[in-house]
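Reading through the structure tokens given below for one structure.
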Amino acid sequence: MTEAHPALAHHFSDIEQQREANTLGMWAFLATEVLFFGALFAAYLVYRSAYPEPFAAAGSHLNKILGAINTAVLLTSSLTVALAVQAAGERNRNRLLLLMAATVGLGILFLGIKGFEYFQEYREQLIPTINFAWEGEGAPQAMLFFTFYFFMTMLHALHMIIGIAVLLAMIFWAWRGGYETDDMPVERFGLYWHFVDIVWIFLFPLLYLIV
Amino acid sequence: MAANTSALQMRKSYLNVSYTAKSWLLTTDHKRIGLLYLLSITLFFVIGGVAATLIRLELLTPQGDLVSAESYNKLFTMHGAVMVFFFLVPSIPTTLGNFLVPLMLGAHDMAFPRLNLASWYVFIFGSLFALASIIAGGVDTGWTFYTPYSTTYSNTYVIAMAMGIFIAGFSSIFTGINIIITVHKLRAPGLTWFRLPLFIWSLYATSLIMVLGTPVLAITLLLVALERVFGIGIFDPALGGDPILFQHLFWFYSHPAVYIMILPGMGVISELITCFSRRPPFGYRFIALSSVAIAIFGFLVWGHHMFVSGQSVYAGMLFSLISFLVAIPSAIKVFNWTATLYKGSVAWTTPMLYALGFVGLFTIGGLTGLFLATLPIDVHVHDTYFVVAHFHYIMVGGMVMAYLGGIHFWWPKISGRLYPEGWGRAAAILIFVGFNLTFFPQFILGYEGMPRRYYTYAPEFQVLNVFSTAGASILALGYVLPLLYLLWSTRYGAVASNNPWGATGLEWQTSSPPPKENFIETPVVNNDPYQYEVTGEFEPHATVTVGDLQRGELGNQAIGD
Amino acid sequence: MTTDTQPSQSHRSPRIYYIVYAALLGLLVLTVLASFLNLGTTWGVLIALTIAIAKAILVILYFMHVRESSRTTWLFVAAGFIWLAVLIGLMIVDYLSRGWFTV
């Protein structure tokens, strides 16, 4: 019998098995998320291919610059998360706390920019069924574009909010020394965060750039 | 015998390790969670069954005289939604699956015990929404929620039911993730993939479907809710939307879902037929891999539900072709089960009766599926009772019978008691007879043109409808019996030994019921499964031999002696 | 016991992360520039998707450590995307043959 590791659950025979099971479990969950967002992408692709002009016209109302900045923000946050996972593995508590805090900051920055974009879109009367006003033809299709835009980005933002909330809890736990013996939760969280980043990597060009 | 009984009852098992409500409601023991699910899905089976009863009563006469048309629409919707999402999809994976997967693998628990408990609470939470929808007045869209009726025109509680299913879907996903990782990572030493019981293979394949398909349904239901609330037009042609897009997204999950609703049953049958013919399975690898093939191919055929929807003919032809291919792995299983029986020593126990019934009824259901996969035939029988009969043959004649067979087979392991064999056989026969009387006439009715989802019908269809309802009442009686005698057996049934059936499999190497940690020592596997006839005598690993069989209520059947 | 192993992340220098990060930013610049070229919908989508896929692959392989992961992990990663491809692919067969796409 291997000696008991403080983090070893009773039904696993050793810590390596537990680590692999946890990683695979998170990947299985991420696979479900691929299909969750993917179904929306599929529907969006159908309508975009059916109505290229109204969708392009609608998409041109989005703020490419802010979108690009937000993409850079998220990519940076992926960097900080990757470094945080490494810091956890090296049991470097201070570096871990710093990097997790940086990630939270970047996440909040992303949400802030997104919120500002939503506010701009509200001012331009582009919110479907709430204040949508479209000049020219293809109004229903343009509204369809914005439906997808808001639904997909809000779903993404929800995943960001959940991620930030979990990260805040993890910062608190890390501050208490909770990851001194077990860095698996940080790794798992990292996988989740990177995945949310990947969703945005696809959202940005498909919503903002194909105009 | 009395001393033996009380000694066994005193023995610590997962059931008596603690009696508090907290120990049940906060358990992470996969066996207890399996029982929690058993209670929940039985409740939903009853609810779905009540709806079915009212449907069959209404259909005794050609006129609509029992309920109004609107109520009838709600009845068949609720019957379908409850039976599919709150009974059949969870059934075997969450009850027998949760209970047996770690045992069969020689593990102490599932990979993620707390996720397991969370999945049950999520299921309950989702079911509250569904119940709320039913109590508030129900849904009338059909369990398929086709747009634009469900999104624009229906005045019933669609969103509540959709949200209930959405939430319950997460329960499905959590269970699937748990099973997949457990099979990958928690196998006992020596238990390689091709030594796994076929039940595990089928649950693994089922979990693949649950994990990869359910998210698409989740998004689709969210879109329906969104459209209902905001009227955006994703599925509304007047606003540029396509109602068929809904069907594509819906059936991308719901077709594989029907494989969720049969694969676990097939896994059970593999266990039952091998045990009760004392033979290893014919073509083990083929049966194992056919489960995975069904899971994969099942994702490629969803358009065969949409032949008359307005989908393009070319897409229809493609889906029709692939649907023929997906029948092949199922057929392989039926051939192999049959070949397993050849030169076997067949015991006519209750589980075996269910298993043999399954093989026949599933074959009929599966073959009629080929009729429906044939595009031109489907054009005529789509939305008729032919389709209804087809899927009930598979889901009820197949899956429910496999479920009951499995419950009976593993009942000694789960409860530590033997059920009364005479009653078991009687119920199995009643169910078989009742089932066929209920659903065979529906093939004829459908072929002759009786549409589904109507509360009235042409008078010439009445005779067969009366047969069908009569059959349903026999079927209902058949279902009530196990409910009663299984409950009875928990208190008055004969005490079971570790391995009353003389079956192979690691779950039989531990006590009935098992201790909380499943095994005192981690088992080591060094031979292939289903070693029924190798030496002519069954030699299990464990310390108890087949000679420990308790005669009890098993009658004179000397299993394995 | 399986023979799958996952090395601990502690002995790696962070250099690879910075390199990948720079590549990701570079690809971001590329995709924004490409959008200004006004290549039309088909080419536009194709280029944008290709760049996005490249970025995703970088994140998956390096940030998510899939490059050093077991074959089982690779299978899990691939499965989600393959299934999504099936959904999109077969749906497109229908829409294409119904004349929905005015590409």
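To find a chain, count down the sequence lines: A is the first, B the second, and so on, and within it residues start at 1.
In terms of heavy atoms, A/Phe36 sits closest to B/Ile219 at O-CG1, 3.0 Å. Closest approach of A/Gly25 to B/Ile181, counting heavy atoms only: N-CD1, 3.5 Å. Considering all non-hydrogen atoms of both residues, A/Ala28 and B/Val211 come closest at O-CG1, 3.9 Å. Here the shortest heavy-atom pairing between A/Ala43 and B/Leu245 reads CB-CD2, 3.9 Å.
Contacts between A/Phe146 and chain B at a heavy-atom distance below 4.5 Å are absent for every atom of the residue. Contacts between A/Phe29 and chain B at a heavy-atom distance below 4.5 Å involve backbone atoms as well as side-chain atoms. For B/Ala218, the parts lying near chain A are the backbone and the side chain together; criterion is any non-hydrogen pair under 4.5 Å. Using a 4.5 Å cut-off between heavy atoms, A/Leu144 touches chain B through its side chain atoms alone.
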Verdict with reasoning, B/Tyr253 to A/Leu35, per side chain to side chain contact (heavy atoms under 4.5 Å, CB included): CA-CA 11 Å; B/Tyr253 163 76; A/Leu35 280 138; over 6 Å; no
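Remark: side-chain polar atoms of A/His11 are paired, donor with acceptor, to backbone N or O of B/Met110 under 3.5 angstrom. Checking side-chain atoms of A/Tyr51 against main-chain N and O of B/Gly240 turns up a donor-acceptor pair under 3.5 Å. Remark: the backbone N or O of B/Leu186 is not paired with any side-chain donor or acceptor of A/Gln17 at under 3.5 angstrom.
The greatest number of non-hydrogen atom pairs below 4.5 Å with chain B, out of A/Val46, A/Asn22, A/Val34, is found for A/Asn22. Of the listed residues B/Asp109, B/Val216, B/Ile177, the one with more heavy-atom pairs under 4.5 angstrom with chain A than any other is B/Ile177. For chain A, the option among B/Gly233, B/Ala107, B/Pro113 with the highest count of heavy-atom pairs below 4.5 Å is B/Pro113.
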